[in-house]
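Some notes on the structure that comes next.
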2 protein chains.
Amino acid sequence: MTSSKTDLRVIRTRKLIMDSFITLSSKKEFKDITVKDITTEAMINRATFYYHFEDIYDLLEKVLSEVLLINLNDDFLQHNELNEGAFIILFKAITNFQKSLSNRCHRGYEETIARIIREQLEIIFYKMLLKQNVTTENEALKMTAVILSWGIYGASIEWRTSNQEIQPEEFIKPAIPYLMAGIDGQK
Amino acid sequence: MTSSKTDLRVIRTRKLIMDSFITLSSKKEFKDITVKDITTEAMINRATFYYHFEDIYDLLEKVLSEVLLINLNDDFLQHNELNEGAFIILFKAITNFQKSLSNRCHRGYEETIARIIREQLEIIFYKMLLKQNVTTENEALKMTAVILSWGIYGASIEWRTSNQEIQPEEFIKPAIPYLMAGIDGQK
DNA sequence: TTTGAATTGTTGTTTATACAACACTTTGAA
DNA sequence: TTCAAAGTGTTGTATAAACAACAATTCAAA
(Lines give C-alpha, C1' and ligand atoms only; values in the text may rest on other atoms or scores of the structure.)
Protein backbone atom coordinates (compact mmCIF):
# COMPACT_ATOMS: atom_id res chain seq x y z
CA MET A 1 0.00 0.00 0.00
CA THR A 2 1.55 3.24 -1.17
CA SER A 3 -1.72 5.16 -0.94
CA SER A 4 -0.98 7.70 1.80
CA LYS A 5 -3.85 9.81 0.43
CA THR A 6 -2.64 12.46 -2.00
CA ASP A 7 -3.24 16.14 -1.33
CA LEU A 8 -6.51 17.39 -2.76
CA ARG A 9 -4.63 20.16 -4.57
CA VAL A 10 -2.63 17.58 -6.50
CA ILE A 11 -5.73 15.73 -7.60
CA ARG A 12 -7.50 18.93 -8.56
CA THR A 13 -4.56 20.39 -10.47
CA ARG A 14 -3.98 17.16 -12.42
CA LYS A 15 -7.64 17.10 -13.34
CA LEU A 16 -7.63 20.75 -14.39
CA ILE A 17 -4.63 20.15 -16.62
CA MET A 18 -6.01 16.99 -18.21
CA ASP A 19 -9.46 18.46 -18.76
CA SER A 20 -7.95 21.54 -20.33
CA PHE A 21 -5.82 19.45 -22.61
CA ILE A 22 -8.85 17.46 -23.73
CA THR A 23 -10.80 20.66 -24.32
CA LEU A 24 -7.99 22.15 -26.37
CA SER A 25 -7.54 18.91 -28.30
CA SER A 26 -11.02 19.29 -29.69
CA LYS A 27 -10.19 22.77 -30.96
CA LYS A 28 -6.61 22.44 -32.20
CA GLU A 29 -4.17 19.92 -33.56
CA PHE A 30 -1.92 18.39 -30.96
CA LYS A 31 1.15 19.97 -32.53
CA ASP A 32 -0.35 23.45 -32.14
CA ILE A 33 -1.05 23.07 -28.42
CA THR A 34 1.56 24.69 -26.17
CA VAL A 35 2.12 24.25 -22.47
CA LYS A 36 1.13 27.88 -22.03
CA ASP A 37 -2.19 27.21 -23.78
CA ILE A 38 -2.94 24.40 -21.38
CA THR A 39 -1.98 26.28 -18.23
CA THR A 40 -3.95 29.34 -19.28
CA GLU A 41 -7.03 27.24 -19.91
CA ALA A 42 -6.53 25.41 -16.62
CA MET A 43 -5.84 28.64 -14.71
CA ILE A 44 -2.60 27.36 -13.25
CA ASN A 45 0.97 28.62 -13.37
CA ARG A 46 3.18 27.18 -16.06
CA ALA A 47 5.77 26.08 -13.52
CA THR A 48 3.09 23.99 -11.84
CA PHE A 49 2.63 22.04 -15.05
CA TYR A 50 6.23 20.86 -14.84
CA TYR A 51 5.69 19.86 -11.23
CA HIS A 52 3.20 17.24 -12.45
CA PHE A 53 4.36 16.31 -15.93
CA GLU A 54 7.75 15.99 -17.57
CA ASP A 55 6.54 17.68 -20.71
CA ILE A 56 3.57 17.78 -23.05
CA TYR A 57 4.24 14.28 -24.34
CA ASP A 58 4.18 12.93 -20.82
CA LEU A 59 0.80 14.60 -20.40
CA LEU A 60 -0.42 13.10 -23.66
CA GLU A 61 0.58 9.66 -22.52
CA LYS A 62 -1.20 10.00 -19.20
CA VAL A 63 -4.35 11.48 -20.68
CA LEU A 64 -4.39 8.70 -23.21
CA SER A 65 -4.30 5.89 -20.69
CA GLU A 66 -6.14 7.53 -17.82
CA VAL A 67 -8.90 9.37 -19.59
CA LEU A 68 -9.62 8.90 -23.27
CA LEU A 69 -9.49 5.17 -23.61
CA ILE A 70 -10.73 4.48 -20.11
CA ASN A 71 -13.89 6.36 -21.01
CA LEU A 72 -14.26 4.46 -24.24
CA ASN A 73 -13.73 1.35 -22.21
CA ASP A 74 -16.56 2.09 -19.78
CA ASP A 75 -19.05 3.21 -22.40
CA PHE A 76 -18.27 0.17 -24.44
CA LEU A 77 -18.55 -2.39 -21.72
CA GLN A 78 -21.94 -1.16 -20.63
CA HIS A 79 -23.68 -1.01 -23.96
CA ASN A 80 -22.17 -3.59 -26.27
CA GLU A 81 -21.26 -7.18 -26.71
CA LEU A 82 -18.48 -8.29 -29.01
CA ASN A 83 -20.32 -8.60 -32.31
CA GLU A 84 -19.91 -7.15 -35.82
CA GLY A 85 -21.17 -3.72 -34.79
CA ALA A 86 -18.79 -3.57 -31.82
CA PHE A 87 -15.77 -4.12 -34.04
CA ILE A 88 -16.88 -1.33 -36.34
CA ILE A 89 -17.45 1.12 -33.46
CA LEU A 90 -14.06 0.32 -31.97
CA PHE A 91 -12.27 0.63 -35.27
CA LYS A 92 -13.89 3.96 -36.00
CA ALA A 93 -12.92 5.23 -32.55
CA ILE A 94 -9.30 4.30 -33.11
CA THR A 95 -9.02 5.78 -36.57
CA ASN A 96 -10.77 8.94 -35.43
CA PHE A 97 -8.32 9.27 -32.61
CA GLN A 98 -5.36 8.79 -34.88
CA LYS A 99 -6.66 11.39 -37.27
CA SER A 100 -6.92 13.90 -34.43
CA LEU A 101 -3.30 13.36 -33.43
CA SER A 102 -0.51 15.27 -35.02
CA ASN A 103 1.63 13.61 -37.64
CA ARG A 104 4.65 15.40 -36.27
CA CYS A 105 7.24 12.89 -35.16
CA HIS A 106 9.05 13.86 -32.02
CA ARG A 107 10.79 11.95 -29.26
CA GLY A 108 9.34 8.71 -30.57
CA TYR A 109 6.03 9.44 -28.94
CA GLU A 110 4.13 7.70 -31.70
CA GLU A 111 5.50 4.41 -30.41
CA THR A 112 4.24 5.31 -26.97
CA ILE A 113 0.79 6.11 -28.27
CA ALA A 114 0.71 2.87 -30.20
CA ARG A 115 1.63 0.88 -27.12
CA ILE A 116 -1.00 2.56 -24.99
CA ILE A 117 -3.72 2.08 -27.55
CA ARG A 118 -2.86 -1.60 -27.88
CA GLU A 119 -2.79 -2.08 -24.12
CA GLN A 120 -6.16 -0.45 -23.73
CA LEU A 121 -7.64 -2.44 -26.58
CA GLU A 122 -6.37 -5.62 -24.99
CA ILE A 123 -8.09 -4.74 -21.72
CA ILE A 124 -11.33 -3.99 -23.49
CA PHE A 125 -11.28 -7.20 -25.51
CA TYR A 126 -10.41 -9.32 -22.52
CA LYS A 127 -13.23 -7.92 -20.42
CA MET A 128 -15.76 -8.41 -23.19
CA LEU A 129 -14.61 -11.93 -23.94
CA LEU A 130 -14.79 -12.74 -20.25
CA LYS A 131 -18.36 -11.48 -20.14
CA GLN A 132 -19.63 -13.74 -22.90
CA ASN A 133 -17.49 -16.84 -22.39
CA VAL A 134 -18.07 -18.68 -19.16
CA THR A 135 -16.66 -21.98 -20.39
CA THR A 136 -13.35 -21.20 -22.13
CA GLU A 137 -10.33 -21.00 -19.85
CA ASN A 138 -8.94 -17.55 -19.07
CA GLU A 139 -5.51 -18.07 -20.60
CA ALA A 140 -7.09 -18.73 -23.96
CA LEU A 141 -9.22 -15.61 -23.67
CA LYS A 142 -6.20 -13.49 -22.76
CA MET A 143 -4.36 -14.78 -25.78
CA THR A 144 -7.35 -14.00 -27.98
CA ALA A 145 -7.45 -10.48 -26.55
CA VAL A 146 -3.77 -9.98 -27.35
CA ILE A 147 -4.20 -11.13 -30.91
CA LEU A 148 -7.31 -9.03 -31.42
CA SER A 149 -5.68 -5.88 -30.03
CA TRP A 150 -2.63 -6.20 -32.25
CA GLY A 151 -4.75 -7.18 -35.19
CA ILE A 152 -7.18 -4.32 -34.94
CA TYR A 153 -4.45 -1.83 -34.21
CA GLY A 154 -2.49 -3.09 -37.18
CA ALA A 155 -5.52 -2.68 -39.37
CA SER A 156 -5.86 0.92 -38.25
CA ILE A 157 -2.22 1.57 -39.18
CA GLU A 158 -2.83 -0.06 -42.54
CA TRP A 159 -5.80 2.24 -43.01
CA ARG A 160 -3.83 5.32 -41.98
CA THR A 161 -0.74 4.70 -44.11
CA SER A 162 -2.39 3.64 -47.32
CA ASN A 163 -5.84 4.71 -48.28
CA GLN A 164 -7.60 7.06 -45.88
CA GLU A 165 -10.12 7.93 -48.55
CA ILE A 166 -11.95 4.70 -47.84
CA GLN A 167 -14.28 4.99 -44.85
CA PRO A 168 -12.91 3.14 -41.79
CA GLU A 169 -16.21 1.33 -41.61
CA GLU A 170 -15.83 -0.09 -45.09
CA PHE A 171 -12.16 -0.74 -44.56
CA ILE A 172 -12.63 -3.11 -41.65
CA LYS A 173 -15.77 -4.89 -42.87
CA PRO A 174 -14.02 -7.57 -44.98
CA ALA A 175 -12.09 -8.72 -41.91
CA ILE A 176 -15.06 -9.07 -39.63
CA PRO A 177 -16.19 -12.57 -40.64
CA TYR A 178 -12.71 -13.87 -39.83
CA LEU A 179 -12.56 -12.04 -36.50
CA MET A 180 -16.00 -13.25 -35.49
CA ALA A 181 -15.35 -16.84 -36.50
CA GLY A 182 -12.59 -17.19 -33.95
CA ILE A 183 -14.75 -15.75 -31.22
CA ASP A 184 -17.81 -17.80 -32.05
CA GLY A 185 -15.66 -20.89 -32.04
CA GLN A 186 -14.81 -20.29 -28.40
CA LYS A 187 -18.42 -20.10 -27.28
CA MET B 1 -5.54 52.01 -7.49
CA THR B 2 -5.76 48.97 -5.25
CA SER B 3 -5.33 46.53 -8.14
CA SER B 4 -1.95 44.99 -7.31
CA LYS B 5 -2.89 41.98 -9.43
CA THR B 6 -4.51 39.23 -7.35
CA ASP B 7 -2.94 35.83 -7.06
CA LEU B 8 -4.08 33.40 -9.76
CA ARG B 9 -4.99 30.89 -7.05
CA VAL B 10 -7.48 33.33 -5.58
CA ILE B 11 -9.15 33.96 -8.91
CA ARG B 12 -9.27 30.25 -9.71
CA THR B 13 -10.62 29.22 -6.34
CA ARG B 14 -13.33 31.88 -6.37
CA LYS B 15 -14.36 30.76 -9.83
CA LEU B 16 -14.43 27.11 -8.82
CA ILE B 17 -16.62 27.90 -5.84
CA MET B 18 -19.02 30.10 -7.79
CA ASP B 19 -19.30 27.68 -10.69
CA SER B 20 -19.95 24.81 -8.33
CA PHE B 21 -22.62 26.79 -6.54
CA ILE B 22 -24.34 27.56 -9.83
CA THR B 23 -24.15 23.93 -10.88
CA LEU B 24 -25.62 22.78 -7.58
CA SER B 25 -28.31 25.45 -7.74
CA SER B 26 -29.69 23.86 -10.86
CA LYS B 27 -29.97 20.52 -9.10
CA LYS B 28 -31.12 21.45 -5.59
CA GLU B 29 -32.99 24.12 -3.71
CA PHE B 30 -30.81 26.77 -2.18
CA LYS B 31 -31.81 25.72 1.32
CA ASP B 32 -30.58 22.17 0.69
CA ILE B 33 -27.10 23.23 -0.44
CA THR B 34 -24.42 22.96 2.23
CA VAL B 35 -20.94 24.42 2.27
CA LYS B 36 -19.61 20.88 2.17
CA ASP B 37 -21.60 20.20 -1.02
CA ILE B 38 -20.04 23.20 -2.69
CA THR B 39 -16.47 22.48 -1.63
CA THR B 40 -16.77 18.85 -2.66
CA GLU B 41 -18.02 19.83 -6.09
CA ALA B 42 -15.31 22.48 -6.39
CA MET B 43 -12.60 20.12 -5.14
CA ILE B 44 -11.42 22.53 -2.47
CA ASN B 45 -11.06 22.28 1.27
CA ARG B 46 -13.96 23.54 3.34
CA ALA B 47 -11.71 25.87 5.31
CA THR B 48 -10.73 27.53 2.04
CA PHE B 49 -14.35 28.43 1.45
CA TYR B 50 -14.33 30.53 4.61
CA TYR B 51 -11.14 32.20 3.49
CA HIS B 52 -13.06 33.70 0.57
CA PHE B 53 -16.62 34.03 1.80
CA GLU B 54 -18.17 34.83 5.16
CA ASP B 55 -20.82 32.18 4.75
CA ILE B 56 -23.14 30.73 2.14
CA TYR B 57 -25.26 33.87 2.06
CA ASP B 58 -22.23 35.95 1.30
CA LEU B 59 -21.52 33.59 -1.58
CA LEU B 60 -25.09 33.88 -2.80
CA GLU B 61 -24.83 37.64 -2.78
CA LYS B 62 -21.62 37.66 -4.75
CA VAL B 63 -22.78 35.07 -7.28
CA LEU B 64 -25.93 37.06 -7.73
CA SER B 65 -24.22 40.31 -8.57
CA GLU B 66 -21.11 38.97 -10.27
CA VAL B 67 -22.44 36.11 -12.30
CA LEU B 68 -26.11 35.47 -12.74
CA LEU B 69 -27.41 38.92 -13.47
CA ILE B 70 -24.28 40.09 -15.20
CA ASN B 71 -24.80 37.30 -17.70
CA LEU B 72 -28.40 38.26 -18.19
CA ASN B 73 -27.17 41.80 -18.61
CA ASP B 74 -24.76 40.95 -21.41
CA ASP B 75 -27.12 38.67 -23.28
CA PHE B 76 -29.77 41.28 -23.04
CA LEU B 77 -27.75 44.23 -24.17
CA GLN B 78 -26.55 42.46 -27.28
CA HIS B 79 -29.80 41.13 -28.60
CA ASN B 80 -32.61 43.42 -27.53
CA GLU B 81 -33.85 46.93 -27.44
CA LEU B 82 -36.24 48.14 -24.77
CA ASN B 83 -39.59 47.23 -26.30
CA GLU B 84 -42.61 45.18 -25.23
CA GLY B 85 -40.84 41.85 -25.75
CA ALA B 86 -37.85 42.98 -23.71
CA PHE B 87 -40.00 43.76 -20.70
CA ILE B 88 -41.60 40.35 -20.89
CA ILE B 89 -38.26 38.55 -21.14
CA LEU B 90 -36.86 40.47 -18.20
CA PHE B 91 -39.91 39.90 -16.06
CA LYS B 92 -39.89 36.19 -16.78
CA ALA B 93 -36.20 36.01 -15.88
CA ILE B 94 -36.82 37.67 -12.54
CA THR B 95 -39.79 35.56 -11.58
CA ASN B 96 -38.00 32.40 -12.64
CA PHE B 97 -35.08 33.35 -10.49
CA GLN B 98 -37.27 34.03 -7.49
CA LYS B 99 -39.02 30.70 -7.91
CA SER B 100 -35.67 28.92 -7.87
CA LEU B 101 -34.68 30.55 -4.57
CA SER B 102 -35.59 29.05 -1.27
CA ASN B 103 -38.45 30.54 0.70
CA ARG B 104 -36.56 29.97 3.91
CA CYS B 105 -36.03 33.25 5.71
CA HIS B 106 -32.65 33.55 7.38
CA ARG B 107 -30.43 36.47 8.32
CA GLY B 108 -32.57 38.80 6.27
CA TYR B 109 -30.94 37.65 3.08
CA GLU B 110 -34.11 38.18 1.09
CA GLU B 111 -33.63 41.91 1.51
CA THR B 112 -30.12 41.54 0.16
CA ILE B 113 -31.31 39.61 -2.84
CA ALA B 114 -33.97 42.20 -3.49
CA ARG B 115 -31.45 45.00 -3.38
CA ILE B 116 -29.06 43.25 -5.73
CA ILE B 117 -31.76 42.45 -8.24
CA ARG B 118 -32.95 46.06 -8.23
CA GLU B 119 -29.42 47.36 -8.64
CA GLN B 120 -28.77 45.07 -11.56
CA LEU B 121 -32.07 45.92 -13.18
CA GLU B 122 -31.23 49.58 -12.86
CA ILE B 123 -27.93 49.05 -14.63
CA ILE B 124 -29.59 47.13 -17.42
CA PHE B 125 -32.31 49.71 -17.92
CA TYR B 126 -29.88 52.59 -17.86
CA LYS B 127 -27.63 51.04 -20.46
CA MET B 128 -30.51 50.25 -22.75
CA LEU B 129 -32.03 53.67 -22.40
CA LEU B 130 -28.66 55.22 -23.12
CA LYS B 131 -28.40 53.16 -26.27
CA GLN B 132 -31.65 54.35 -27.75
CA ASN B 133 -31.80 57.93 -26.46
CA VAL B 134 -29.16 60.26 -27.77
CA THR B 135 -31.09 63.42 -27.05
CA THR B 136 -32.44 63.12 -23.50
CA GLU B 137 -30.07 64.21 -20.75
CA ASN B 138 -28.44 61.49 -18.68
CA GLU B 139 -29.90 62.49 -15.34
CA ALA B 140 -33.37 61.99 -16.70
CA LEU B 141 -32.43 58.55 -18.07
CA LYS B 142 -30.92 57.53 -14.73
CA MET B 143 -34.10 58.52 -12.97
CA THR B 144 -36.16 56.55 -15.46
CA ALA B 145 -33.94 53.54 -14.87
CA VAL B 146 -34.45 53.80 -11.11
CA ILE B 147 -38.19 53.98 -11.46
CA LEU B 148 -38.31 51.11 -13.93
CA SER B 149 -36.13 48.86 -11.75
CA TRP B 150 -38.23 49.43 -8.64
CA GLY B 151 -41.42 49.16 -10.61
CA ILE B 152 -40.58 45.92 -12.34
CA TYR B 153 -39.18 44.41 -9.18
CA GLY B 154 -42.28 45.44 -7.27
CA ALA B 155 -44.43 43.81 -9.92
CA SER B 156 -42.47 40.57 -9.52
CA ILE B 157 -43.07 40.65 -5.75
CA GLU B 158 -46.73 41.29 -6.38
CA TRP B 159 -46.77 38.27 -8.67
CA ARG B 160 -44.95 36.10 -6.14
CA THR B 161 -47.04 36.97 -3.08
CA SER B 162 -50.47 36.87 -4.64
CA ASN B 163 -51.28 34.76 -7.61
CA GLN B 164 -48.48 32.64 -9.00
CA GLU B 165 -50.94 30.57 -10.97
CA ILE B 166 -51.10 33.34 -13.57
CA GLN B 167 -48.22 33.16 -16.04
CA PRO B 168 -45.64 35.91 -15.46
CA GLU B 169 -46.05 36.84 -19.09
CA GLU B 170 -49.77 37.48 -18.71
CA PHE B 171 -49.26 39.15 -15.37
CA ILE B 172 -47.00 41.90 -16.67
CA LYS B 173 -48.74 42.51 -20.00
CA PRO B 174 -51.36 45.00 -18.72
CA ALA B 175 -48.59 47.26 -17.41
CA ILE B 176 -46.58 47.36 -20.61
CA PRO B 177 -48.45 50.14 -22.41
CA TYR B 178 -47.85 52.41 -19.44
CA LEU B 179 -44.15 51.48 -19.20
CA MET B 180 -43.59 51.99 -22.90
CA ALA B 181 -45.43 55.31 -23.00
CA GLY B 182 -42.90 56.91 -20.67
CA ILE B 183 -40.02 55.61 -22.72
CA ASP B 184 -41.44 56.59 -26.08
CA GLY B 185 -42.09 60.06 -24.70
CA GLN B 186 -38.36 60.51 -24.14
CA LYS B 187 -37.36 59.64 -27.67
C1' DT C 1 -37.08 15.34 25.37
C1' DT C 2 -32.76 13.22 24.50
C1' DT C 3 -29.21 11.54 21.68
C1' DG C 4 -26.20 11.16 17.89
C1' DA C 5 -25.00 12.66 13.43
C1' DA C 6 -24.35 16.42 10.38
C1' DT C 7 -23.17 21.18 9.66
C1' DT C 8 -20.95 25.43 10.77
C1' DG C 9 -17.16 28.33 11.66
C1' DT C 10 -12.22 28.77 13.42
C1' DT C 11 -7.17 28.00 14.19
C1' DG C 12 -2.04 26.36 13.74
C1' DT C 13 0.94 23.87 10.88
C1' DT C 14 2.42 21.85 6.54
C1' DT C 15 2.65 21.84 1.68
C1' DA C 16 1.47 22.73 -3.19
C1' DT C 17 1.35 26.43 -6.08
C1' DA C 18 2.12 31.35 -7.79
C1' DC C 19 5.44 34.39 -9.19
C1' DA C 20 9.52 36.25 -11.14
C1' DA C 21 13.61 35.63 -13.19
C1' DC C 22 16.70 32.99 -15.79
C1' DA C 23 19.24 30.53 -19.83
C1' DC C 24 18.25 27.91 -23.67
C1' DT C 25 15.80 26.45 -28.00
C1' DT C 26 12.52 26.96 -31.75
C1' DT C 27 10.21 29.54 -35.10
C1' DG C 28 8.96 32.78 -38.54
C1' DA C 29 9.60 37.00 -40.98
C1' DA C 30 12.86 40.70 -42.77
C1' DT D 1 21.18 34.43 -42.87
C1' DT D 2 19.81 37.30 -38.94
C1' DC D 3 17.05 38.94 -35.55
C1' DA D 4 13.09 39.30 -32.57
C1' DA D 5 9.32 36.88 -30.58
C1' DA D 6 7.50 32.83 -28.62
C1' DG D 7 8.12 28.58 -26.31
C1' DT D 8 10.63 25.40 -23.08
C1' DG D 9 12.32 23.92 -18.79
C1' DT D 10 14.30 25.29 -14.10
C1' DT D 11 14.99 27.58 -9.62
C1' DG D 12 14.30 30.37 -4.98
C1' DT D 13 10.98 32.68 -2.37
C1' DA D 14 6.34 34.09 -0.90
C1' DT D 15 1.74 32.71 -0.09
C1' DA D 16 -2.83 30.43 -0.77
C1' DA D 17 -4.75 26.32 0.31
C1' DA D 18 -4.88 21.51 2.51
C1' DC D 19 -5.23 19.19 6.60
C1' DA D 20 -6.53 18.04 11.17
C1' DA D 21 -8.59 19.14 15.15
C1' DC D 22 -11.77 21.70 17.75
C1' DA D 23 -16.18 23.76 20.00
C1' DA D 24 -20.67 25.24 18.95
C1' DT D 25 -24.98 24.79 16.61
C1' DT D 26 -28.70 22.51 13.95
C1' DC D 27 -31.54 18.82 13.02
C1' DA D 28 -33.79 14.42 12.57
C1' DA D 29 -35.04 10.24 14.71
C1' DA D 30 -35.66 7.38 18.91
Side-chain angles (χ1 to χ4, degrees), chain A residues 1-21 23-25 27-63 102-109 112, chain B residues 1-21 23-25 27-63 102-109 112:
Chain A
M1 291 295 290
T2 52
S3 68
S4 52
K5 218 177 25 166
T6 38
D7 194 306
L8 180 55
R9 284 171 289 189
V10 172
I11 300 170
R12 185 185 59 224
T13 300
R14 286 223 168 95
K15 181 173 160 52
L16 286 172
I17 292 175
M18 290 186 165
D19 287 350
S20 299
F21 177 66
T23 301
L24 288 173
S25 293
K27 296 181 193 158
K28 292 185 183 189
E29 296 260 336
F30 173 75
K31 72 167 172 13
D32 296 327
I33 298 174
T34 69
V35 174
K36 185 70 197 146
D37 289 337
I38 296 167
T39 57
T40 301
E41 172 83 19
M43 297 183 77
I44 59 146
N45 192 278
R46 200 166 56 83
T48 306
F49 176 92
Y50 293 102
Y51 180 88
H52 293 281
F53 303 95
E54 266 190 32
D55 53 31
I56 206 170
Y57 303 101
D58 183 35
L59 170 63
L60 173 67
E61 179 169 348
K62 280 168 179 153
V63 168
S102 154
N103 46 9
R104 170 171 123 182
C105 232
H106 182 9
R107 227 197 59 173
Y109 82 97
T112 305
Chain B
M1 290 299 288
T2 52
S3 69
S4 52
K5 218 175 31 164
T6 37
D7 194 306
L8 180 56
R9 284 172 290 189
V10 172
I11 300 170
R12 185 185 60 224
T13 301
R14 287 222 168 97
K15 180 172 159 50
L16 286 172
I17 292 175
M18 289 185 167
D19 287 351
S20 299
F21 178 66
T23 302
L24 287 174
S25 292
K27 295 182 195 158
K28 290 187 185 189
E29 295 260 336
F30 174 74
K31 73 168 171 16
D32 295 328
I33 298 174
T34 68
V35 173
K36 185 69 197 148
D37 289 338
I38 296 167
T39 57
T40 301
E41 172 84 21
M43 296 184 79
I44 60 147
N45 192 279
R46 199 165 56 80
T48 306
F49 176 93
Y50 292 103
Y51 180 87
H52 293 281
F53 302 96
E54 265 191 32
D55 53 31
I56 207 171
Y57 302 101
D58 183 36
L59 169 63
L60 173 67
E61 178 169 351
K62 279 165 179 153
V63 168
S102 154
N103 45 11
R104 169 169 126 182
C105 230
H106 183 7
R107 228 198 59 173
Y109 82 96
T112 305

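Chain identifiers are assigned alphabetically (A, B, ...) following the order of the sequence lines, protein sequences preceding nucleic acid strands; residue numbering begins at 1 within each chain. As the structure is a prediction and not an experimental result, all values here were calculated from the model.
- By the 4.0 Å N-to-carboxylate-O rule, B/K28 lies close enough to B/D37 to be salt-bridged with it.
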Sub-3.5 Å pairs of nitrogen or oxygen atoms, protein against nucleotides 20-23 of chain C:
none

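- Rounding to the nearest 0.5 angstrom, the gap separating the CD1 atom in A/I38 from the CG atom in A/L24 is 6.5 Å.
- Atom CG of B/L59 and atom OH of B/Y57 lie 11.5 Å apart (nearest 0.5 Å).
- A/R12 places a side-chain N or O within 3.5 Å of a backbone atom of B/M43 that can act as its donor or acceptor partner.
- With hydrogens and angles ignored, the 3.5 Å screen pairs a side-chain donor or acceptor of A/S25 with a backbone N or O of A/F21.
- Rounded to the nearest 0.5 angstrom, B/E41 CD and B/L16 CG are separated by 10.0 Å.
- Separation of atoms CZ (A/R9) and OG1 (B/T13) is listed at 10.5 Å; rounding is to 0.5 Å.
- Straight-line distance from the CE atom of A/M43 to the P atom of C/dA18: 10 Å, rounded to whole Å.
- Per the geometry, NZ belonging to B/K36 stands 18 Å off P belonging to C/dA5, to the nearest Å.
- Distance CZ (B/F49) to P (C/dT11): 16 Å, rounded to an integer number of Å.
- Rounded to an integer number of Å, the gap from CD of A/E54 to P of D/dT10 is 8 Å.
- The nearest whole Å value for the distance from the CZ atom in A/F53 to the P atom in D/dT8 is 15 Å.
- Taking only side-chain nitrogens and oxygens, B/Y50 comes nearer than 4.0 Å to OP1 or OP2 of C/dG9.
- When the side-chain nitrogen and oxygen atoms of A/H52 are compared with OP1 and OP2 of C/dA16, none of them lie within a distance under 4.0 Å.
- The backbone N or O of B/I44 lies less than 3.5 Å from no partner atom in the side chain of B/T48, so there is not a single donor-acceptor pair.
- In this structure, the CD1 atom of B/I56 is 16 Å from the P atom of D/dT26, given to the nearest Å.
- Judged by distance alone, with hydrogens and angles left aside, the side-chain atoms of B/T39 form a donor-acceptor pair with the main-chain N or O of B/K36 at under 3.5 Å.
- Atom-to-atom distance recorded for B/D58:CG and B/H52:NE2 is 12.0 Å, nearest 0.5 angstrom.
- Here the C1' atom of nucleotide D/dT8 and the CG atom of A/L59 are 15 Å apart, to the nearest Å.
- Direction change of the helix axis from one end of the helix from C/dT1-D/dA30 to C/dA30-D/dT1 to the other is 60°, with five pairs defining each end axis (rounded to 10°).
- A salt bridge links B/D19 with B/K15: the distance from a Lys NZ or Arg NE/NH1/NH2 to an Asp or Glu carboxylate oxygen falls below 4.0 Å.
- The NZ-C1' distance, from A/K31 to D/dG7, rounds to 16 Å in whole Å.
- Looking at residues 7-15 of chain A, you'll see A/D7, A/R9, A/V10, A/T13 sit with a heavy atom under 4.0 Å from some atom of DNA chain C.
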